[in-house]
Amino acid sequence: AIKAVHPRSTLIMVPSPAAPAPKQAALLAQPVPAEVVPARDRVSIRLVGPWARDGVEIERITEPRSIRDAVEAYLSFDAQVSGNPIVADPSASSMVRVVTRRFAQRRQTSVDFARKDGVIVAAALRLGAGPGSIVWRQAEARAA
């Protein structure tokens with residue numbers, strides 16, 4: 001399902017903290033110092049839309065025990081602003097809940113909220129951790 005949405009993305013799963021990491025996986029998980037990557041190969045990423053506006057506070061929920069409530073807040077926000085909300089399809093909303101819960105057990109998911117004046121203007125579900133994570137689902141208020 002992720003490949004269908006993000007055909008050029010690669011999601012790298014880091015082993016859960018309780019499981020011993022294979023030697024090869026541990027080497028891949030090591031961050032590469034910036035000076036090792038040639039300047040011509042570096043990519044700059046800018047946030048756009050509500051995420052980059054003045055006065056917007058960004059909150060990232062990563063704690064596994066908080067993910068369930070954050071996902072419910074995301075689904076509620078998506079239902080308010082999306083033309084095709086996830087909760088309209090019970091199997092899709094159930095799948096989102098199960099996937100995020102399973103990924104949270106491995107500390108491989110996060111929920112991001114952009115708030116302006118305390119009101120959510122954008123939200124995103126991310127899978128993976130660190131720079132290798134990808135936005136799986138996102139919702140944005142039109143008049144943000």
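Note that the coordinates shown come from a computational prediction; the quantities given were computed from them, not determined experimentally.
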Asker: Please find the pair of heavy atoms, one from F113 and one from A70, that lie closest to each other, and give the distance.
Answerer: CZ-O, 3.4 Å

Asker: So, for T100 and I67, which heavy atoms are closest and what is the spacing to 0.1 Å?
Answerer: O-CG2, 4.0 Å

Asker: Restricting to non-hydrogen atoms, name the atom on Q108 and the atom on A129 that form the minimum distance, rounded to 0.1 Å.
Answerer: OE1-N, 3.6 Å

Asker: Any idea which heavy atoms bring Y74 and Q138 closest together, and the distance?
Answerer: OH-N, 3.1 Å

Asker: Using the test side-chain hydrogen bond (donor to acceptor under 3.5 Å, both in side chains), find all partners of R60 that sit at least two apart in sequence or belong to another chain.
Answerer: D112

Asker: Are L127 and V135 close enough that some pair of their side-chain heavy atoms sits under 4.5 Å apart?
Answerer: no

Asker: With side chain to side chain contact (heavy atoms under 4.5 Å, CB included) as the test, would you mind laying out the steps for L125 and T109 before giving the verdict?
Answerer: CA-CA 7 Å; L125 300 177; T109 193; 5.7 Å; no

Asker: List for me each residue that meets salt bridge (Lys or Arg N to Asp or Glu O under 4.0 Å) alongside R102, sequence neighbours excluded, and say none if there are none.
Answerer: none

Asker: Where do P64 and A104 come nearest, in terms of heavy atoms and distance?
Answerer: CG-O, 3.3 Å

Asker: Sequence neighbours left out, what passes side-chain hydrogen bond (donor to acceptor under 3.5 Å, both in side chains) with R115? Give chain and number order.
Answerer: E59

Asker: What side-chain donor-acceptor pairs closer than 3.5 Å can you find for residues 75-85, not counting sequence neighbours?
Answerer:
residue	atom	partner	partner atom	Å
D78	OD2	I86	N	2.8
S82	OG	N84	N	3.1
S82	OG	N84	O	3.3

Asker: Which pairs, with at least one residue in residues 62-73 and sequence neighbours excluded, count as a side chain to side chain donor-acceptor pair (under 3.5 Å)?
Answerer: E72-R97

